[in-house]
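Take a look at the structure set out below.
This chain uses plain numbering: 1 for the first residue, then up along the sequence.
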Amino acid sequence: MTQQPISLLLCALGGEGGGVLTEWLVEAARLAGYPVQATSIPGVAQRTGATTYYLEVFPVPLSELGQQRPVLGLYPVPGRLDGLVSSELLETVRQISLGHPSAERTLVLSSSARALTTHEKMQLTDGRRDEQQLMQMIASQSQVHHVLDMAELTRQAGTVVSAVMLGCIAASGLLPIAREAYRTILADGSSAAQASLRGFDLGFTAIEQQRAQARYLDGVLRPEPQLAEPAVFPAPFAPLFPPELHALIALGYERLVDYQSPLYAKQYMERLYEVHRAERESDPGLEHGWAITREMARWLALWMAFDDIVRVADLKSRASRMQRVRGEVKAGSSDLLKLYDHFKPGVPEFAALLPGLLARPLLAWDNRRKAKGKRALALPLKIGTHTITGMLALRGLAALKALRPKGSRFATEQTLIDEWLTAVIRLTNLHWQSGHEVAQCGRLVKGYGSTNERGKENLLHVVRHLSVALHFTDHAQRAQAIAAARQAALADDSGKTLDHTLQQLGVPARPIKEQPIRWVRRKAAAREIA
């Protein structure tokens with residue numbers, strides 16, 4: 001008999017039920033009367049290995065084989081895999097890179113969802129793998145491929161992703177098993193079984209109705225946030241900006257209305273218009289398509305909406321956040337959910353809300369303490385967001401938003417923003433490319449705490465030295481220098497690459513900061529052991 005087994009490789013991240021999915025497939029194949037064998041190689045996907053399960057089904061019923069039995073394999077043969085099913089996009093590509101599938105015979109069923117790797121999260125800039133490259137590799141290394149957001153279908157069904165994957169496999173037609181056989185092994189009458197059946201049906205329908213999947217060829221690793229209603233561009237400012245920028249600018253405007261007030265958002269529009277006017281004069285032929293205004297619309301809005309304890313309290317106490325948490329933990333309407341938030345504000349966070357007259361001596365006192373090697377003062381807090389007192393505390397702190405403009409940090413941030421803004425406008429008037437490079441330096445400001453401070457220091461060092469240096473032969477050389485410094489600042493968080501690049505460009509490196517040495521007395525027991 002020349003009939004070959006159907007080979008299937010299942011890939012799931014830890015805790016996603018890959019083993020359960022394998023058991024379901026084995027039971028469904030046996031229920032349908034086909035010889036089947038499965039093996040597993042447990043691991044920790046995308047960290048130190050892969051959690052993979054290999055399955056072979058002989059597509060001839062046992063009733064037709066008589067006394068014969070097929071010999072089934074224990075591990076996939078590279079290039080001879082019939083099906084690859086994965087719950088995560090990068091894991092799909094990783095298996096492709098190992099040579100398991102082939103463009104001549106393999107059906108690939110993959111989720112477009114991502115679980116970012118540690119390496120991706122460590123990058124100072126956007127470290128995510130390019131989604132188009134991942135999708136292109138799947139398309140080029142599969143005979144047929146279907147990519148869909150299995151994570152979203154899982155949330156809709158209130159189940160685990162393995163049930164959705166089972167539905168995708170059933171609808172793909174890869175295995176000679178009827179749909180009802182799959183449903184039979186899922187149905188046991190329990191509430192969990194009902195959720196699994198919902199997930200199975202959603203996965204089955206998604207594959208059945210979307211076989212072409214043209215839109216997933218351009219699919220996304222992280223869906224764009226869907227607003228309940230499109231951001232509305234403020235009418236008074238509509239004549240000031242080109243229509244193609246309205247959607248982006250409207251998002252920045254609404255972000256700042258939510259962050260502070262319409263008056264603060266109006267200041268954003270006025271600042272952005274000054275940049276737009278300079279770009280219009282520098283590039284009257286629109287050769288660059290308003291690229292400077294576009295960059296500033298993004299980074300200016302993000303910087304103006306800087307994180308502080310008021311913002312954190314506001315976000316953590318919103319009803320939408322509680323709904324999201326309940327959805328993530330799959331809590332039912334009758335389930336009791338307790339949610340605790342941990343905070344550790346220090347002197348700088350409290351001083352940020354005080355006027356400069358009070359904040360400066362408080363910060364100076366804290367700096368003197370740290371200079372002596374003492375630990376930074378902080379107030380560890382554990383707040384039960386599910387409790388009335390916890391929610392009142394957070395909402396009370398969020399209500400301090402009205403006092404934010406009178407705080408010392410607000411004044412400091414506005415001064416730094418204006419310094420960067422002035423440099424962008426000045427260089428744009430002199431040379432479009434130079435202005436564009438300084439505008440892109442806005443991406444250096446991100447995160448919170450020391451990361452945020454370091455990013456602002458790097459940006460302002462570029463503004464205060466490279467943007468005004470006199471030794472450049474022309475503006476094009478200045479633009480190249482600013483671009484090189486920005487790329488160096490994003491290369492490592494220690495700043496060594498940036499300092500080396502700055503010196504090569506003929507400007508001073510960042511000043512060395514004093515770091516106190518903290519001496520710790522060894523305990524007597526430790527001395528005896530030593």
Side-chain angles (χ1 to χ4, degrees), residues 119-128 130 271-272 274-275 278-279 282-283 288 290-304 306 412-515:
H119 180 73
E120 289 175 298
K121 296 177 182 178
M122 288 171 58
Q123 303 305 311
L124 292 178
T125 183
D126 187 348
R128 292 173 297 168
D130 184 80
R271 282 169 162 170
L272 190 60
E274 293 300 318
V275 175
E279 184 176 24
S282 179
D283 184 23
H288 304 287
W290 307 119
I292 295 179
T293 307
R294 188 183 303 275
E295 290 291 329
M296 291 297 290
R298 299 170 59 198
W299 308 121
L300 180 60
L302 291 173
W303 193 345
M304 290 181 67
F306 57 89
T412 300
E413 295 290 345
Q414 302 311 310
T415 300
L416 300 181
I417 290 172
D418 285 335
E419 184 176 356
W420 170 52
L421 197 68
T422 301
V424 171
I425 295 172
R426 177 176 58 82
L427 288 180
T428 300
N429 286 325
L430 294 174
H431 181 240
W432 183 92
Q433 188 65 40
S434 297
H436 185 238
E437 294 299 341
V438 175
Q440 290 188 88
C441 286
R443 70 177 61 240
L444 299 179
V445 182
K446 60 183 63 181
Y448 52 89
S450 60
T451 300
N452 181 268
E453 293 298 324
R454 184 167 55 248
K456 288 184 294 191
E457 290 172 359
N458 292 344
L459 184 151
L460 294 173
H461 196 88
V462 171
V463 167
R464 293 167 181 172
H465 293 85
L466 289 176
S467 69
V468 297
L470 302 177
H471 64 276
F472 296 116
T473 57
D474 54 32
H475 291 303
Q477 187 181 22
R478 184 190 308 277
Q480 293 174 359
I482 295 173
R486 184 185 69 253
Q487 294 166 3
L490 294 171
D492 68 272
D493 55 0
S494 67
K496 293 181 180 179
T497 304
L498 174 60
D499 291 335
H500 179 68
T501 302
L502 290 171
Q503 292 174 337
Q504 288 183 325
L505 295 173
V507 297
R510 301 171 306 157
I512 298 176
K513 290 185 177 182
E514 294 182 353
Q515 296 292 335

What residues form a side chain to side chain donor-acceptor pair (under 3.5 Å) with His431, not counting sequence neighbours? Ser434
Can you list the residues that meet the side chain to side chain donor-acceptor pair (under 3.5 Å) rule with Thr415, with sequence neighbours excluded? none
With Arg271, which residues qualify under salt bridge (charged side-chain N to carboxylate O under 4.0 Å, His left out), at least two apart? Asp418
Non-neighbouring partners of Ser450 that pass side chain to side chain donor-acceptor pair (under 3.5 Å), sequence neighbours left out: none
Checking side chain to side chain contact (heavy atoms under 4.5 Å, CB included) between Glu279 and each of Ile425, Thr428, Val424, which is the one that passes? Thr428
Nearest 0.5 angstrom please: Leu498 CG to Arg454 CZ, how far? 11.5 Å
Is Trp420 close to Leu300 at the side-chain level, that is, under 4.5 Å between some pair of heavy atoms? yes
Minimum side-chain heavy-atom gap Ile482-Val462 below 4.5 Å: yes
Least distance between heavy atoms, Val463 atom then Ala423 atom: CG1-CB, 3.6 Å
Could you pull out all residues at least two apart from Thr501 that satisfy side chain to side chain contact (heavy atoms under 4.5 Å, CB included)? Ala484, Ala488, Thr497, Leu505
Does any non-hydrogen side-chain atom of Trp290 lie less than 4.5 Å from one of Asp283? no
Non-neighbouring partners of Gln504 that pass side chain to side chain contact (heavy atoms under 4.5 Å, CB included), sequence neighbours left out: His500
Strictly distance-based, threshold 3.5 Å: is any side-chain N or O of Ser282 a donor or acceptor partner for the main-chain N or O of Ala278? no
Taking side chain to side chain contact (heavy atoms under 4.5 Å, CB included) as the definition, give me every residue that meets it alongside Leu416, ordered by chain and number, with sequence neighbours left out. Trp303, Thr412, Glu419, Lys456, Leu460, Arg464
Working to the nearest 0.5 angstrom, can you tell me the gap between Arg298 CZ and Thr293 OG1? 13.5 Å
Pairs in or reaching into residues 421-436: which pass salt bridge (Lys or Arg N to Asp or Glu O under 4.0 Å), with residues at least two apart or in two chains? none
CG on Leu427 to OG1 on Thr422, rounded to 0.5 Å: 10.5 Å
If every non-hydrogen atom of Ala297 is compared with every non-hydrogen atom of Ala301, which pair is closest and at what distance? O-CB, 3.5 Å
Pairwise salt bridge (Lys or Arg N to Asp or Glu O under 4.0 Å) hits with a residue in residues 470-483, at least two apart: none
Tightest non-hydrogen contact, residues Asn458 and Ala489, listed as ND2-CB, 4.2 Å
What's the shortest heavy-atom distance between Gly447 and Asn452, and which atoms? O-ND2, 3.5 Å
CD of Glu413 to CE of Met304, rounded to nearest 0.5 Å, is 11.0 Å
Suppose we screen for salt bridge (charged side-chain N to carboxylate O under 4.0 Å, His left out). Which residues come up paired with Asp499, at least two apart in sequence or across chains? Arg510
I want to check something: taking the side chain as every heavy atom from C-beta on, are Trp432 and Ile292 in contact at a cut-off of under 4.5 Å? yes
Taking only residues two or more places apart in sequence or in another chain, which ones pass side chain to side chain contact (heavy atoms under 4.5 Å, CB included) with Gln440? Glu295, His436, Glu437, Arg443, Arg486
Where the side chain of Gln433 meets the backbone of Ala479, is there a donor-acceptor pair that is under 3.5 Å apart? no
Check whether any side-chain N or O of His465 sits under 3.5 Å from a backbone N or O of Ala509 as a donor-acceptor pair, and report yes or no. no
Find the distance between CG (Leu466) and NE2 (His471) and round it off to the nearest 0.5 Å. 7.0 Å
